[in-house]
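Letters A, B, ... mirror the listed sequences (proteins, then strands); counts begin at 1. All values below come from the heavy atoms of this structure, side chains included, with hydrogens, waters and symmetry mates left out.
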2 protein chains.
Amino acid sequence: MTAPVRRGRPGHSLDSLLDVAVAVFIERGYEATSMDTLAERLGVTKSAIYHHVRSKVELLELALDRALDGLFAVLPAADERPAIDRLEAVVRGSVGVLVAELPFVTLLLRVRGNSPVEAHALARRREFDRVVTDLVRDCVAEGSVRPDVDPALTSRLLFGTVNSLTEWYRPGGGLGAQALADGLVTTLFAGLRAP
Amino acid sequence: MTAPVRRGRPGHSLDSLLDVAVAVFIERGYEATSMDTLAERLGVTKSAIYHHVRSKVELLELALDRALDGLFAVLPAADERPAIDRLEAVVRGSVGVLVAELPFVTLLLRVRGNSPVEAHALARRREFDRVVTDLVRDCVAEGSVRPDVDPALTSRLLFGTVNSLTEWYRPGGGLGAQALADGLVTTLFAGLRAP
DNA sequence: AGGATTACTGACCGTTCGGTCAGTCATGCA
DNA sequence: TGCATGACTGACCGAACGGTCAGTAATCCT
């Protein structure tokens, strides 16, 4: 880790600003958060924020891109491994990203498509979901996942559960990312695998 | 069903207003929805809304109470049945309420506690979660649920999955409430039960 | 016909919102 | 010492917000 050689008057960087902004967006909701509220939490005036960023929605865009980039990095290239192994890897990887980038992913999962920025994020989420659903379908085809429950339902329940982690998981609460992923995979994949 | 004997000038009732309001709140978010937008969707002016309701937040309160009343009605009295059967009944009942009152429950699950009304709804949700967590603990105690995964984690995964239904389930899409509950219980309880 | 009932309009108000701009302030480097 | 660099201030703007109020419109009941 090289020390970030900062010149000029000390203050917030774009990164530190983004961390605080995302925290407040989650706490109060993006729309319900005013730039003045944000400024107060940062200990600066509203104008200072516009020194780092062009608009309120650009803050949101930076946050959503960070979450999405993390999630897409988890998708495996189609290789020779059984689909069920690749599926488990995606689930474990997603849990990892979710824990590592918790605030950003949390924000992503709350986006409703109001602005073009939000609509674009929703589109990328749908793309991610599609890849996972295809993977579950591959599992059923190779016989590793029970066929008596609809694959589309299975994949939605699967990632519905993973995504619901943002509603309650807090790091440093005694439950590590590894134990979390283990518990989740144990519970879910037992009911998933073909008898 | 008795015909609702309406007198006076025809127009929206509180119920029909609430249905539209909740739909728009879900679509755009509560905070992002202005009373003027709402009025436009209803085909009336903003003032007309205030004939039925005292404030914007009262619309939210009516919607949240409806969802919460439905959920609490599902909790069983402590009886002689095994805890695992009561747990399954709660899960199936919750899925039923979620399907029957989908927009209202969806809205409830997105509340963040900004206003006193939202804070009160959050408190009632926590109360519901507490009862369910206790029920899962009873299951572990009676030996019907595997003890190697933490009960708190189990109950959170369980209701995380149920609640995630609001993110994608749409009635009339070929998947009925019964089939939905069956698929969910099959998938989840298989991984839950003690070996 | 006429009153009771219910739903609604249109103009308006004070406040808050996201955003702008010209200028100031504190630091590292030469 | 002084200058480039980067962070920040304070006053301000037009638009949109939630909400108010006095009056009007359409229906049912007697």
Can A:D129 and A:R156 be counted as an ion pair, charged N to O under 4.0 angstrom?
no

Taking OP1 and OP2 of D:dG10, is either one under 4.0 Å from a side-chain nitrogen or oxygen of A:T45?
no

Take atom CD of B:E142 as the centre, draw a 6.0 Å sphere, and report whether it contains more than 12 heavy atoms from other residues, nucleotides or ligands.
yes

Value in whole Å for how far the C1' atom of C:dA11 lies from CG of B:D36:
13 Å

Respond yes when some side-chain nitrogen or oxygen of A:H51 is under 4.0 Å from OP1 or OP2 of D:dG6, and no when none is.
no

Between atom CD in B:E31 and atom P in C:dT16, what is the gap in whole Å?
15 Å

Whole angstroms only, please: what is the OH-P distance between B:Y50 and C:dG10?
17 Å

Identify which nucleotide among D:dC8, C:dG18, C:dC8 has an atom closest to any side-chain atom of A:K56, counting heavy atoms from C-beta outward.
C:dG18

Any chance NE2 of A:H52 has more than 12 other-residue heavy atoms, nucleotides or ligands included, within less than 6.0 Å?
yes

At 4.0 Å (heavy atoms only), tell me whether A:T33 reaches a base, stays on the sugar-phosphate, or touches nothing.
sugar-phosphate

Whole-Å distance separating the CE atom of A:M35 from the P atom of D:dT9:
14 Å

Please confirm whether the backbone N or O of B:G113 pairs with a side-chain atom of B:E118, one donor and one acceptor, at under 3.5 Å?
yes

Just to confirm, is there a sub-4.0 Å distance from OP1 or OP2 of D:dC8 to any side-chain nitrogen or oxygen of A:H52?
yes

Verify the contact: side-chain N or O of A:S34 to OP1 or OP2 of C:dC17, cut-off strictly under 4.0 Å; return yes or no.
yes

CD of B:E40 versus C1' of C:dT9: gap in Å, rounded?
16 Å

Taking atom P of C:dT6 as reference, at what distance in whole Å does atom CG of B:L17 sit?
16 Å

Spacing between B:L38 atom CG and D:dG19 atom C1', to the nearest angstrom
14 Å

What's the NZ-C1' distance between A:K46 and C:dT20, to the nearest Å?
10 Å

Between C:dC8, D:dT9, C:dG18, which nucleotide has the shortest distance from any of its atoms to the side chain of A:S47?
D:dT9

Residues which pass side chain to side chain donor-acceptor pair (under 3.5 Å) with A:R28, listed by chain and number, not counting sequence neighbours
none

Side-chain N or O of B:H12 less than 4.0 angstrom from OP1 or OP2 on C:dA7?
no

Of the candidate nucleotides D:dT9, C:dT20, D:dG19, which contains the atom at the shortest distance from the side chain of A:V44?
D:dT9

